[in-house]
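Read the structure below first, then the notes.
We use all heavy atoms of the structure for the numbers below, so side chains are in, but hydrogens, waters and symmetry mates are not. Protein chains get the first letters and strands the later ones, always in sequence-line order, with residue 1 at the start of each. Remember, it's a predicted structure, so these values are computed and weren't measured experimentally.
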Number of protein chains: 2
Amino acid sequence: MLLLRDLPRYECLLEEARRFPELDPSACEVYLHLLRAGDEAFRSCGEPLEAHGISAGRFTVLMLLLRKRGEADSGALTPAELADQAGVTRATMTGLIDTLERDGFVRREPDPHDRRMTPVTLTPAGESLLQGVVPAYFQRMGLLVAPLSEAERRTLVTLLSKLVRGGETEEPSIPFTSGASPAPACASVPLNSPVT
Amino acid sequence: MLLLRDLPRYECLLEEARRFPELDPSACEVYLHLLRAGDEAFRSCGEPLEAHGISAGRFTVLMLLLRKRGEADSGALTPAELADQAGVTRATMTGLIDTLERDGFVRREPDPHDRRMTPVTLTPAGESLLQGVVPAYFQRMGLLVAPLSEAERRTLVTLLSKLVRGGETEEPSIPFTSGASPAPACASVPLNSPVT
DNA sequence: GGCTGATGGTTAGCTTCCTAACGTTATCGA
DNA sequence: TCGATAACGTTAGGAAGCTAACCATCAGCC
């Protein structure tokens with residue numbers, strides 16, 4: 001991901017707008033701030049991971065397997081499931097699993113019932129790696145958001161949701177209302193990934 | 001950049017928090033929404049670029065050169081200047097310029113005064129490429145931010161700035177106040193880049 | 001004037017993502 | 001039952017980042 005080092009000031013945007021009539025200065029300012037903040041957040045929370053010699057992609061895989069272990073007996077996920085939940089292609093997941101298996105953090109064992117599949121499980125080494133990394137990861141996340149009050153956090157989440165939904169006018173999201181959860185399938189463990 | 005397909009619900013975060021005491025649910029929710037929105041924005045605005053067969057990195061270089069042309073006679077920037085302003089390393093910039101020159105969008109011509117340098121300029125082909133791409137790019141940007149009112153945009157920018165500044169408590173930023181601009185060196189043309 | 005150091009650009013090698021194509025295995029319909 | 005279809009995982013090749021190392025050139029200091 002590449003990002004301009006310094007964000008343009010509003011006055012500069014106005015100046016550019018004269019040259020490009022399609023440019024909406026306030027939209028552009030939102031866009032640039034969004035990208036910068038996303039990049040900053042991703043980079044910041046990625047640091048503790050890098051310090052332990054693990055990339056964001058590998059961390060995602062390990063976390064998904066850890067969560068699965070808490071749910072099911074086998075604790076296994078197929079590469080296709082992992083790719084789908086992590087948001088990468090199956091080809092990319094093959095590469096991630098390759099290196100994780102080489103380093104001893106996960107294990108592939110063929111499925112006896114369907115020989116097309118090769119479920120993946122977390123090894124003790126992988127689990128102990130997570131034990132060491134996860135606290136620092138979440139602490140960094142808390143530090144990042146620390147400047148915002150709870151009310152500001154709610155506002156920010158609402159605005160970001162509105163942006164992503166693209167004005168579809170669905171349910172107003174009402175996050176942070178713990179009562180009366182519809183409790184459908186929960187998406188997942190908090191993971192990462194960059195703007196980029 | 002890889003991102004979980006579906007963001008976790010707040011209730012799920014609370015559940016995860018029980019397993020990881022370091023997890024601050026509201027911080028985590030902000031983090032995930034931020035990454036998702038940044039990714040969405042980058043991807044969305046990148047589409048018009050890809051449609052014209054140009055990547056975000058190359059677009060950045062061309063825009064920087066276009067802006068320079070509007071400022072100085074030569075309209076040239078050195079690879080080091082380009083790398084600095086685009087936020088990539090000089091090695092990466094070498095690769096970008098290589099392909100852009102191969103495709104005829106920029107030209108390298110040695111500096112007669114300092115033979116270490118090889119300033120880069122935009123060719124007519126590069127300029128006409130931009131003519132075709134830029135309107136769609138800015139239109140998409142406007143569409144992305146369309147769901148937000150002007151007041152909401154101000155709020156969002158303020159909150160994102162607060163996050164990035166890390167609570168340094170500098171000037172409250174007051175964007176969108178067009179009067180009395182300090183008018184220092186303007187940063188640049190709006191460009192892109194992902195969370196990633 | 002000739003080292004020393006700083007600067008500019010490139011190269012080489014690595015990572016992580018992608019798409020496209022492939023071989024294997026399961027499933028389902030005629 | 002057997003051929004078509006679909007799904008799983010992998011491989012091959014390419015794009016765009018990065019760091020580290022490398023020469024060429026300039027500037028400054030004895």
Side-chain angles (χ1 to χ4, degrees), chain A residues 1-5 39 42-43 46-47 49-50 53-61 76-103 106-120 191-196, chain B residues 1-4 39 42-43 46-47 49-50 53-62 76-103 106-120 191-196:
Chain A
M1 161 184 187
L2 96 157
L3 191 52
L4 286 177
R5 293 230 176 274
D39 183 52
F42 179 68
R43 193 183 314 276
E47 278 172 14
L49 272 44
E50 307 287 342
I54 190 176
S55 75
R58 293 185 212 188
F59 180 67
T60 301
V61 174
L77 285 169
T78 67
E81 289 170 331
L82 284 169
D84 195 50
Q85 293 177 33
V88 299
T89 64
R90 283 176 297 165
T92 299
M93 188 51 64
T94 294
L96 285 171
I97 297 171
D98 279 348
T99 65
L100 284 170
E101 188 173 34
R102 181 198 61 197
D103 295 345
V106 304
R107 191 170 33 225
R108 276 190 252 234
E109 24 195 342
D111 184 328
H113 301 336
D114 187 337
R115 290 190 297 172
R116 288 175 303 183
M117 307 207 191
T118 318
V120 177
L191 288 172
N192 42 62
S193 202
V195 175
T196 198
Chain B
M1 158 186 187
L2 98 157
L3 189 51
L4 286 177
D39 182 53
F42 178 68
R43 192 183 314 276
E47 278 173 15
L49 272 44
E50 306 288 342
I54 191 178
S55 75
R58 294 186 211 188
F59 181 68
T60 301
V61 174
L62 295 180
L77 286 169
T78 67
E81 290 169 331
L82 285 169
D84 196 48
Q85 292 178 32
V88 300
T89 63
R90 283 177 298 164
T92 298
M93 188 51 66
T94 293
L96 285 172
I97 296 171
D98 280 348
T99 66
L100 284 170
E101 188 174 33
R102 180 199 63 194
D103 296 345
V106 305
R107 191 170 34 226
R108 277 188 252 233
E109 23 196 342
D111 185 328
H113 301 337
D114 186 339
R115 288 191 298 170
R116 288 174 302 180
M117 307 206 191
T118 317
V120 176
L191 289 173
N192 40 61
S193 206
V195 172
T196 145

Leu82(A) CG to dA7(D) C1', in whole Å, measures 16 Å
Specify the separation, in whole Å, of atom CZ of Arg115(A) and atom P of dT25(C). 5 Å
Round to the nearest Å and state the distance from Phe59(B) atom CZ to dA16(D) atom C1'. 17 Å
What is the separation between atom CZ on Arg102(B) and atom C1' on dG14(D), rounded to the nearest whole Å? 11 Å
Interatomic distance where CD1 belongs to Ile54(A) and C1' belongs to dT16(C) [whole Å]: 14 Å
Send over the distance from Phe42(A) CZ to dG17(D) P, rounded to a whole Å. 15 Å
Between atom CG of Asp39(A) and atom CG of Asp39(B), what is the distance when rounded to the nearest 0.5 Å? 12.0 Å
In short, Ala76(A) meets Pro119(A) closest at the heavy-atom pair CB-CB, 3.7 Å
Supply the atom-to-atom distance Arg90(A) CZ to Leu82(A) CG, rounded to the nearest 0.5 angstrom. 12.5 Å
Nearest 0.5 Å, what's the CD1-OG1 distance between Ile97(A) and Thr92(A)? 11.0 Å
Axis-to-axis angle between the two ends of the helix from dG1(C)-dC30(D) to dA30(C)-dT1(D) (five base pairs per end, rounded to 10 degrees): 10°
Can you identify which nucleotide, out of dT19(D), dT19(C), dG17(D), has its nearest atom closest to the Val88(B) side chain? dG17(D)
First locate atom CD of Gln85(A), then atom CE of Met93(A), and finally report the distance between them rounded to the nearest 0.5 Å. 9.0 Å
Reported CZ-to-CG distance for the pair Phe59(A) and Leu49(A), which is rounded to 0.5 angstrom: 5.0 Å
Enter the distance from Leu62(B):CG to Ile54(B):CD1 here, rounded to the nearest 0.5 Å. 4.5 Å
Starting from C1' on dA24(D), measure out to CG on Asp111(B) and report it in whole angstrom. 14 Å
Ignoring backbone atoms, test whether Ser55(A) places a side-chain nitrogen or oxygen under 4.0 Å from the OP1 or OP2 oxygen of dT16(C). yes
Which protein N or O atoms sit under 3.5 Å from an N or O of nucleotides 9-13 of chain C?
unit_1	atom_1	unit_2	atom_2	d
dG9(C)	OP1	Thr118(B)	N	3.3
dG9(C)	OP2	Ala80(B)	N	2.8
dG9(C)	N7	Arg90(B)	NH1	3.2
dT10(C)	OP1	Arg108(B)	NH1	2.6
dT10(C)	OP2	Thr94(B)	OG1	3.1
dT10(C)	OP2	Arg108(B)	NH1	3.2

With sequence neighbours left out, what residues match Arg108(B) under salt bridge (Lys or Arg N to Asp or Glu O under 4.0 Å)? Asp98(B), Glu101(B)
What contact category does Thr99(B) fall into here, base, sugar-phosphate, or nothing, at under 4.0 angstrom with non-hydrogen atoms? nothing
